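Written out below as structure tokens is the structure these notes cover.
First the proteins, then the strands, lettered A, B, ... as listed; each starts at 1. Any value given below was found using the heavy atoms of this structure, including those in side chains, with hydrogens, waters and symmetry copies removed. What you are looking at is a predicted structure, and each value in this text was computed from that prediction instead of being measured.
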Protein chains: 4
Amino acid sequence: MSGTRREIPNDPGRRDRILDAALDVIAEGGVHRTTHRKIASRAGVPLGSLTYYFNGMDDLLALAFARLAETMSQLYRRTLHGAGSPAEAEAAVVELICGPAYATERDMTLIFEMYAYANHNTAVAATTRSWLRRSRESLALHFTPGVARALDALIEGWPMHRRFDATPLNRQLVAGVVHAVVSAAPDLPDEQL
Amino acid sequence: MSGTRREIPNDPGRRDRILDAALDVIAEGGVHRTTHRKIASRAGVPLGSLTYYFNGMDDLLALAFARLAETMSQLYRRTLHGAGSPAEAEAAVVELICGPAYATERDMTLIFEMYAYANHNTAVAATTRSWLRRSRESLALHFTPGVARALDALIEGWPMHRRFDATPLNRQLVAGVVHAVVSAAPDLPDEQL
Amino acid sequence: MSGTRREIPNDPGRRDRILDAALDVIAEGGVHRTTHRKIASRAGVPLGSLTYYFNGMDDLLALAFARLAETMSQLYRRTLHGAGSPAEAEAAVVELICGPAYATERDMTLIFEMYAYANHNTAVAATTRSWLRRSRESLALHFTPGVARALDALIEGWPMHRRFDATPLNRQLVAGVVHAVVSAAPDLPDEQL
Amino acid sequence: MSGTRREIPNDPGRRDRILDAALDVIAEGGVHRTTHRKIASRAGVPLGSLTYYFNGMDDLLALAFARLAETMSQLYRRTLHGAGSPAEAEAAVVELICGPAYATERDMTLIFEMYAYANHNTAVAATTRSWLRRSRESLALHFTPGVARALDALIEGWPMHRRFDATPLNRQLVAGVVHAVVSAAPDLPDEQL
DNA sequence: AATGAATGAGATTTCATTCAT
DNA sequence: GATGAATGAAATCTCATTCAT
């Protein structure tokens with residue numbers, strides 16, 4: 001019955017479905033309330049498959065966050081690579097700060113969870129570092145290294161406030177600040193990326 | 001029943017000692033690995049006293065984060081209130097972004113944990129909102145509302161990157177960016193705080 | 001301050017208030033969910049007074065059930081002693097079976113709890129036996145020993161069914177059955193009470 | 001996911017063994033002293049399996065009492081269905097009231113516990129109601145509805161007294177009373193079962 | 001390759017009781 | 001005589017992980 005031929009997995013997309021389900025569960029309750037059972041139930045897979053595909057919870061979470069970072073990075077990249085002029089690049093940055101595309105409520109929650117978890121897990125810390133590096137590389141297509149760092153901080157910090165603030169972001173204000181930072185480039189010290 | 005005499009607790013500081021121990025445990029392992037036992041052991045109190053003083057883990061964490069926010073708020077406030085001139089105010093902002101005083105590694109870890117937890121707990125969400133509001137009020141002593149918002153985002157976002165970046169923050173770069181944002185004030189749209 | 005004179009309790013009715021509160025708590029949640037704290041809170045007395053007045057939970061419950069039995073016995077007794085003729089005695093028995101006076105919902109619940117508890121506590125077993133004996137003595141004022149035993153079983157069993165049955169008791173039916181039992185006296189074997 | 005094959009439990013009778021163990025523990029100490037540990041130890045199963053098989057103590061107790069009611073109902077039913085004549089039916093009722101078969105000391109204790117618990121748990125209340133209904137249906141095979149109700153009350157009430165009385169039941173007395181009630185049928189009002 | 005029944009380690013929580021005042 | 005802060009023993013419950021199939 002079993003022979004020597006390579007067994008073919010009977011549900012090839014299952015691994016990723018589990019990771020997506022894990023992100024859903026994290027978004028809903030936080031890492032601290034994430035359990036194997038919830039993930040399995042959400043993914044519609046048997047409980048045993050979680051330990052079959054992953055080496056415990058830490059491994060599963062690390063891979064789920066890696067998947068999140070990959071998705072977010074691509075969005076970031078797409079948004080910035082599409083810009084054909086300095087003005088369009090600035091607009092793209094404003095879009096990343098204000099737009100719901102970059103950070104839905106679910107995404108913001110997941111990013112918070114990833115940052116928090118990264119402080120206690122080296123694999124996720126590496127994922128996070130790689131993400132930050134890639135963000136800056138995308139920004140470096142259009143801006144000097146120093147400006148890229150500053151814009152990155154704004155892209156990080158402003159949506160965080162937006163998440164908890166009652167008042168919505170003022171798009172004109174964001175555009176003005178981004179422009180001011182970009183315009184300051186000549187006055188900023190040299191900086192290696 | 002027979003009078004209004006209040007019993008005197010045998011150990012008046014114990015409540016706060018437990019909260020501090022909780023923050024230590026969170027900083028070390030994250031909320032997701034924080035347990036009553038670890039907190040009790042760290043605080044040197046019997047396990048039972050945790051549920052005597054607090055209504056379960058959620059309550060305890062909410063109060064611990066409130067204590068954290070209070071401490072951080074005061075530091076923030078002290079730093080900004082001390083500034084006597086626009087130049088000193090800018091320097092204070094640079095200090096908040098770069099200085100280890102504002103955010104030791106432990107503090108940064110705790111802040112990440114608080115943000116993450118706030119997405120799943122209304123009490124902590126309220127604490128977080130109140131903290132953001134107070135930050136902006138302190139900034140409003142020296143800056144227009146729009147500038148205050150932008151600086152707040154920088155103060156939030158830049159140290160986050162610093163936490164995961166290999167390279168340390170370039171203080172001159174930060175100073176340049178802060179100055180650019182502050183100088184842009186006349187060009188920014190009106191904004192209510 | 002303390003001297004040698006006898007200390008006078010500063011709240012003489014408190015003991016009984018605690019016992020009544022205990023019965024309330026038992027009626028609401030059952031013995032299995034009865035705690036010192038609930039009783040103290042219900043009675044409006046300090047927690048410590050429970051262990052001051054009683055030797056632990058078993059003692060407290062035993063005394064509470066004794067109080068219940070005393071109250072119920074007196075009602076039973078009053079109902080039967082008031083009867084001046086055989087017909088009135090029969091009517092009194094019907095009243096005890098059907099009437100809400102003998103057994104409100106709360107009373108029935110408490111009696112069930114007492115019987116259940118009596119199987120595991122000798123003091124309450126004694127209380128229960130004494131109650132049954134007194135019931136029969138009251139019935140013996142009007143009926144032969146054998147009839148008294150049979151009526152006692154009906155007074156016990158019928159309200160139990162009433163407690164759980166959807167349909168209410170048929171008073172005429174009860175009266176007919178009681179009359180049949182009473183009328184059978186000459187045919188019943190002699191029985192010592 | 002891949003098929004409909006059902007996993008076979010390693011120990012198919014375990015669920016029922018746990019319920020029987022629960023009844024043993026209840027009979028010995030009462031619901032109020034029944035704990036997961038005692039049941040697990042008595043059943044010879046690991047502690048964790050109790051919450052694996054049951055949704056908490058309430059669920060476990062409800063199912064244990066349902067098992068008790070089922071067993072008792074069948075005995076009741078067997079006893080009454082075996083009667084081939086009115087005289088045999090009367091004898092069967094006397095047997096149910098007096099015989100140890102219907103109610104050993106353990107059974108009586110458990111029934112008390114069930115009634116007490118039923119006042120605080122809707123599932124057990126339903127079990128109890130269903131039991132009472134089935135008892136009456138068995139009695140209705142031989143007696144008019146009114147007589148069935150009266151006999152049911154006697155079957156309920158008399159063994160309760162027997163449980164606490166010092167003196168044993170007088171079988172002749174019981175037979176006489178049952179006969180009197182049965183003979184009164186023509187004089188009793190019509191009653192729907 | 002895949003599963004889910006089963007478990008034990010440990011988490012949270014409850015609560016009777018103690019005892020300093 | 002009286003109290004309620006405090007505790008430890010034990011209760012319930014959760015869940016990652018194991019493992020026979």
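- Regarding contacts with the backbone of F/dA6, a side-chain N or O of B/Tyr53 is found under 4.0 angstrom from either OP1 or OP2.
- In this structure, CG of B/Asp58 is placed 13 Å from C1' of E/dT13, rounded to the nearest angstrom.
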Between the protein and nucleotides 16-18 of chain F, which nitrogen or oxygen pairs are less than 3.5 angstrom apart?
{"from": "F/dA16", "atom 1": "OP2", "to": "A/His36", "atom 2": "N", "distance (Å)": "2.7"}

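- With sequence neighbours excluded, the residues satisfying side chain to side chain donor-acceptor pair (under 3.5 Å) with D/Arg14 are D/Asp11.
- Distance A/Ile18 CD1 to E/dA2 P: 10 Å, rounded to the nearest Å.
- Here D/Arg14 lies in heavy-atom contact (under 4.0 Å) with sugar-phosphate atoms only.
- The CG-P distance, from D/Asp59 to F/dT14, rounds to 12 Å in whole Å.
- In this structure, a donor-acceptor pair under 3.5 Å is absent between the side chains of D/His32 and D/Glu113.
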When the side chains of residues 122-130 of chain B are checked against the rest of the protein, which donor-acceptor pairs come out under 3.5 Å, sequence neighbours left out?
{"from": "B/Thr127", "atom 1": "OG1", "to": "B/Ala123", "atom 2": "O", "distance (Å)": "3.1"}
{"from": "B/Thr128", "atom 1": "OG1", "to": "B/Val124", "atom 2": "O", "distance (Å)": "2.8"}

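- Using a 4.0 Å cut-off, no side-chain N or O of C/Tyr52 falls inside it from OP1 or OP2 of F/dT3.
- The NE2-C1' distance, from C/His32 to E/dT14, rounds to 14 Å in whole Å.
- Per the geometry, CD1 belonging to B/Ile39 stands 17 Å off P belonging to E/dG10, to the nearest Å.
- Under the rule for a ring pair (Phe, Tyr, Trp, His ring centres under 6.0 Å), the partners of C/Phe112 that lie at least two apart in sequence or sit in another chain are C/Phe164, D/Tyr115.
- With rounding to whole Å, C/Phe54 atom CZ is found 13 Å from F/dA2 atom P.
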Given Watson-Crick and G-U pairs under 3.5 Å, DNA chain E in dot-bracket ([ ] crossing, | other strand) is .||||||||||||||||||||
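- Partners of C/Phe54 by ring pair (Phe, Tyr, Trp, His ring centres under 6.0 Å), not counting sequence neighbours: none found.
- Place C/Ser49 and D/Lys38 on DNA chain F by their nearest nucleotides, and C/Ser49 ends up nearer the 5' end.
- Heavy-atom neighbours of B/Glu70 CD from other residues, nucleotides or ligands within 6.0 Å: above the threshold of 12.
- Qualifying salt bridge (Lys or Arg N to Asp or Glu O under 4.0 Å) partners for C/Asp20, counting only residues two or more places apart in sequence or in other chains: C/Arg67.
- Looking at residues two or more places apart in sequence or on another chain, you find a salt bridge (Lys or Arg N to Asp or Glu O under 4.0 Å) between D/Arg42 and D/Asp24, D/Glu28.
- The separation between C/Arg33 atom CZ and E/dT13 atom C1' is 16 Å, rounded to whole Å.
- For B/Thr35, the side chain to side chain contact (heavy atoms under 4.5 Å, CB included) partners are B/Arg37, B/Lys38, not counting sequence neighbours.
- Protein atom CZ of A/Arg15 is 12 Å distant from nucleotide atom P of E/dA2, rounded to whole Å.
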